[in-house]
Every structure is written in C-alpha cells, then in structure tokens.
Amino acid sequence: MPTPIALVDVNNFYASCERLFRPDLKGRPIVVLSNNDGCVVARSAEAKAMGIKMGVPYFKIRGEYEAKGGIWFSSNYGLYGDMSHRVMTVLESMSPRVETYSIDEAFLELGETWAGNLIEYGLAIRAKVLQWTGLTVGVGIGPTRTLAKLANYAAKKWPQTGGVVDLRDETRRAKLMAITPVDEVWGVGRRLGARFNQQGIQTVADLVSSDTKTMRARYGVVVERTIQELRGHPCADLAIEPDAKQQIVCSRSFGERVTDRTTMYQALADYMARAGEKLRAEQRCCRAVSVFIRTSPFNGNEPYYGDQATTKLAVPTNDTRVLLHQIAHLLDMIWRDGYRYQKGGVMLGQFTPIENQQGDLFDTGSNDRLMEVLDKINNSGLGKVRFASQGLDQHEWLMKRERLSPGYTTRWEDLPVAK
DNA sequence: TCTGGGGTCCTAGGACCC
DNA sequence: TCTGGGGTCCTAGGACCC
C-alpha cells in the first residue's frame, strides 16, 4: 500500500485573497483579471454561480456582470505570492514532506502518525489554514497524486463532504469514477477529452477499465501513466525539491499596440533585464537567447505576423549587459514594419551551473560583482536601477492594471488599519 | 477599442557520427 | 542485382498544467 498523499488547494485563491482585505465585499461576485485586465483568471463562488467562465475576455461579459453587482480586480501577484507563502508555511508544519505544486496547491505525504484517521487530518489542515491565513482549502486524499487530485475535485463538487475526501477505499473510488466525466482527470485536457469521448470513453471508470496497451499505443506514455495512477499505482514521487528550471520566459501583451522598432526594442530590453534577474536567482548561466514578437492572433481584419529568433552564445553568461547586447541583431532578423504588434518576449535556455563556468579567454574581468550589486539594489525595495536601453520612462503604458488592490501584506504604506 | 503568463513533458524527424 | 544499424543531439510541434 503506497503512502497516502493529500492534495490541498485554496478555494478560489485570487478572488479569496482580494476579499480577505475587503470584508465589505462579502457575498458579492468577484473576478480577477489577467495582465492588461484581459481575461478572467479567477472567480469567487458567487461569480461562478453567475455562470462566468474561466478564461473569458472580460469585455465580453463586463456589461451584464457589472449590472448585476459584480466586482473586478487587476491581478496583484505580490499579494497572492505572499499569501501563498503563508499557506505553504502552515502546510509544512502539518507534514514533513510537502511538494509545492503551484501558487495555490501542494501535495503532502501523510505520515504514519495519522494513518487510518485521514479525514480528521484533513479537517485539521483546513482549520489551521483558516485560522492562520483566513483562507479556505479543500483536501483530497488518495494513494497516488492523480487520485488525490480526483478526491480534491470531489471535495469541491460536493459540499456535504465538508471539504475533505479520502479515496483510498476502492469501492468508494469506483462509485465516484462511474459518475465523473473523464475530462475532470488531471492530465486530460480539452483535446484528449474529446478524443476519448469519440472512442466511447465518457467517465473516469471507462478510462480506468480501458486496455492499457491499446491506450499507450494510441495516446502515448503520459496517458498510460495516468491510467496506472487512477488504478492506485504511483508513477511519480513527490518533487519536494523543485527541479532546476530549463527555460526562463519573460513576455507581456502590450497595453497598446506597438508599431515602431525603438519602442519594441525598449520593451524587449525591459523583459531581458527581468529574465537576467531570474537567471541569476536560479544560480545559472545560459547559452541560448531568443526573442519573439507577434501581432494579435484574434484580429481578423489584420494580417497575422509572428516570428522568433535565437542566438547561441559562445560563452554562457548571466550578465544582463551581454543579454541586452543580443537584442538588436535578433530583432533585426524578425522585425517587419507595418504591423501592429500585440506581444513580445524573450526566452533564455541551455542553462549551466554558475559555479563551473568555462572562463572566457578574452574576457576583461568578472562581472559578477556588478550584477550582484544591481540585484541587491533592485530587491531592496528602496529604488530601481535600470539600463539605458530599457528607456528612461517606466513604460507604465505597457500594461494596463486599472484596478490593482493595495499590497496589503507587502508594503508598509498599504498595511490595513484596524479600527 | 478590448482575448494572460509561465512553465512541463513527450514525440517525430532530421542531422550527424561511427 | 546491390545501399546497415545504432546512437546522440537538436528542433518543432502538440498536449497538458495552473
């Protein structure tokens, strides 16, 4: 019998974070929008009940939604990141082995202390997270991560479970699977779901009872693993230590269309500087540097254009100046006049550890100190040092965030005041 | 007017090597 | 007449996740 695993996630995470500091919004529908206030990326229970769909462009629902009293916020990742950290800290106090899976989810290995009493354990987790952070979590328990995910789905779907479901019992599992659509399974997205349906696989039970060999031949090894996990055979361990990143991407949709090369260059320089910071935080150097630009794929009235260009550095680097230096010739390779660009970005890849760098014979000296000082200043919260190529203005126009909530937990000036 | 950002893994095919 | 087999690395594309 494999060690039981719990999947714990925060209900309506972003929307709950916003409401945490705005008790006056209790009972009101809340949605949080993506960057540029584009799509709906999180919904409160009330907004879900109104039928607001995940990922829908906000302008399509705005009129009706606001007429019905709906509230919206721009994404406040500083706030969500900090609240996430608090939740994870509580979870780490409840289990010695925790895998942070996303900003609002974690897998916990359940030790012997709690064996046989896992519903109570789940309830204890909920109570403690609520008391310490004010956020409500759901808990799904099973012998594999995929089953823990499924249990978590059930805990959300049926409130009478009290927010905790244990799927270690096979009879219970079979009952749930028989009534759960196959596309609720972790790893089955829209496309696979549609192909399964076509093949007569409608429920999770249908998938579990399918022939493994046939499924592997038809859909590949990922689907085979999913089936094994649904049968209770673990195919992956908990990833307690996150794997080193294999690529770093910094990209944004623009608040306004970009039509001149100089502006595009500044935007890319801005992303590149950010990518360099992330690279150094990972303690890595990179060899591959790419930039990409594209017009909107949604605008039928304009021709679409998008392309990317990559260069391989002779010597791996994490020096922002070297990275910035690549932009001009990469942009030359793909820039076309006459288009209204909607998005641009940079990518870094082919990483090597920082400590065993091959020295550059012709290098005039190490730049480590400069980058270190730069990062320290920029992380101090006291001010920002920028490269000239990023432009002198702060390009606030690059991203729209019309309704950004305060940094309640991350800025002294924004601390909520108790009355 | 208005459609996110940042990742992962797998597979197939081509280049290249011995 | 007749044209290997096995391996690696890289890239592009497709699928998925939150």
Side-chain angles (χ1 to χ4, degrees), chain A residues 7 9-10 12-14 31-43 53-63 65 72-77 80-81 84 99-107 145-146 149 152-153 183-196 216-226 235-236 239 242-257 271 274-275 278-279 282 287-288 290 292 294-302 304 306-310 312 340 342-351 398-402:
Chain A
L7 175 71
D9 75 345
V10 181
N12 315 320
F13 182 52
Y14 296 173
V31 298
V32 177
L33 306 186
S34 59
N35 284 342
N36 276 315
D37 299 335
C39 301
V40 172
V41 292
R43 305 155 295 160
K53 295 269 182 290
M54 183 73 170
V56 69
Y58 187 60
F59 74 89
K60 286 189 178 174
I61 59 159
R62 181 170 195 163
Y65 176 70
W72 66 276
F73 290 95
S74 306
S75 298
N76 184 347
Y77 289 106
Y80 313 148
S84 171
E99 171 191 352
T100 301
Y101 176 68
S102 74
I103 193 162
D104 74 329
E105 287 175 78
F107 290 103
R145 302 202 304 168
T146 307
K149 271 274 196 182
N152 183 281
Y153 159 82
D183 53 12
E184 296 295 345
V185 170
W186 189 39
V188 178
R190 227 179 51 244
R191 316 243 167 175
L192 269 179
R195 288 173 73 190
F196 286 167
R216 176 176 181 143
R218 201 170 292 176
Y219 300 105
V221 66
V222 180
V223 166
E224 185 194 8
R225 277 184 210 147
T226 297
C235 295
D243 292 342
K245 278 195 209 306
Q246 302 191 35
Q247 62 170 9
I248 288 171
V249 181
C250 282
S251 72
R252 294 279 182 283
S253 296
F254 305 128
E256 296 164 12
R257 299 286 190 260
Y271 306 151
R274 179 76 195 108
K278 289 188 188 180
L279 184 63
E282 285 281 309
R287 273 203 67 208
S290 312
F292 66 90
R294 67 165 166 80
T295 63
S296 169
F298 299 106
N299 195 333
N301 306 325
E302 296 175 29
Y304 177 78
D307 202 359
Q308 69 118 36
T310 302
K312 299 279 172 69
R340 300 171 64 240
Q342 177 252 354
K343 186 173 185 172
V346 308
M347 281 183 285
L348 306 180
Q350 299 196 348
F351 297 157
L398 278 178
M399 204 205 299
K400 271 194 272 183
R401 290 169 104 182
E402 282 175 21

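Convention: sequence-line order gives letters A, B, ...; per-chain numbering from 1.
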Between [atom2] of [N] and [atom1] of [X], the distance in whole Å:
X        : N      : atom1 : atom2 : result
A:Asn12  : C:dC18 : CG    : C1'   : 14 Å
A:Tyr153 : C:dC17 : OH    : P     : 14 Å
A:Lys149 : C:dC16 : NZ    : P     : 15 Å
A:Arg191 : C:dC17 : CZ    : P     : 12 Å
A:Arg145 : C:dC16 : CZ    : P     : 18 Å
A:Ile61  : B:dT3  : CD1   : C1'   : 12 Å
A:Leu192 : C:dC16 : CG    : P     : 4 Å
A:Tyr65  : B:dC2  : OH    : C1'   : 17 Å

Could you pull out the closest heavy-atom pair between [X] and [Y], with the gap in Å?
X        : Y        : answer
A:Lys343 : A:Ser251 : CE-OG, 3.6 Å
A:Tyr14  : A:Ala42  : CB-CB, 3.6 Å
A:Ala275 : A:Val346 : CB-CG2, 3.9 Å
A:Val40  : A:Ile61  : CG2-CD1, 4.1 Å

Look at all strands and tell whether [X] reaches a base, only sugar-phosphate, or nothing, counting heavy atoms closer than 4.0 Å.
X        : result
A:Asp104 : sugar-phosphate
A:Arg62  : nothing
A:Tyr101 : sugar-phosphate

Exercise. Counting a pair only when it is Watson-Crick or G-U and both distances are under 3.5 Å, which runs of at least 3 such pairs involve DNA chain B?
Worked result: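 For DNA chain B the paired stretches long enough to count as stems (3 pairs minimum) are B:5-18 with C:5-18.
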
Exercise. Is a side-chain N or O of A:Asp37 found less than 3.5 angstrom from the main chain of A:Glu402, in a donor-acceptor match?
Worked result: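 Yes, the answer is positive, given that a donor and an acceptor are paired below the 3.5 Å cut-off.
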
Exercise. Ignoring hydrogens and geometry, is there a side-chain-to-backbone donor-acceptor pair from A:Thr146 to A:Thr226 under 3.5 Å?
Worked result: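 Not at all, since once roles are kept as given, no pair shorter than 3.5 Å links the two residues.
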
Exercise. Do A:Asp104 and A:Ser102 get their side chains close enough for a donor-acceptor pair, meaning under 3.5 Å?
Worked result: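 The answer is yes; a qualifying pair exists.
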
Problem set entry | Presence of A:Arg257 side-chain N/O under 4.0 Å of B:dT1 phosphate oxygens OP1/OP2 |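 Answer no for this pair, as no side-chain N or O of A:Arg257 is under 4.0 Å from OP1 or OP2.
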
Exercise. Is the distance from OP1 or OP2 of C:dC16 to the nearest side-chain N or O of A:Arg195 less than 4.0 Å?
Worked result: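 Looking at the OP1 and OP2 atoms of C:dC16, neither is under 4.0 Å from any side-chain N or O of A:Arg195.
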
Problem set entry | A:Trp186 and A:Phe107 aromatic ring geometry - parallel, tilted or perpendicular at 30°/60° bounds |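 The rings of A:Phe107 and A:Trp186 sit tilted, inter-plane angle from 30° to 60°.
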
Exercise. Base, backbone or nothing for each nucleotide of nucleotides 4-15 of chain B, written B, S, -, heavy atoms under 4.0 angstrom, 5' to 3'?
Worked result: SSSSBSSS----

Problem set entry | Side chain proximity check, A:Arg257 to A:Ser296, heavy atoms < 4.5 angstrom |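 Yes, side chains in contact.
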
Problem set entry | Between C:dC18 and B:dC2 - P atom distance, rounded Å |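 Approximately 30 Å lies between the P atom of B:dC2 and that of C:dC18.
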
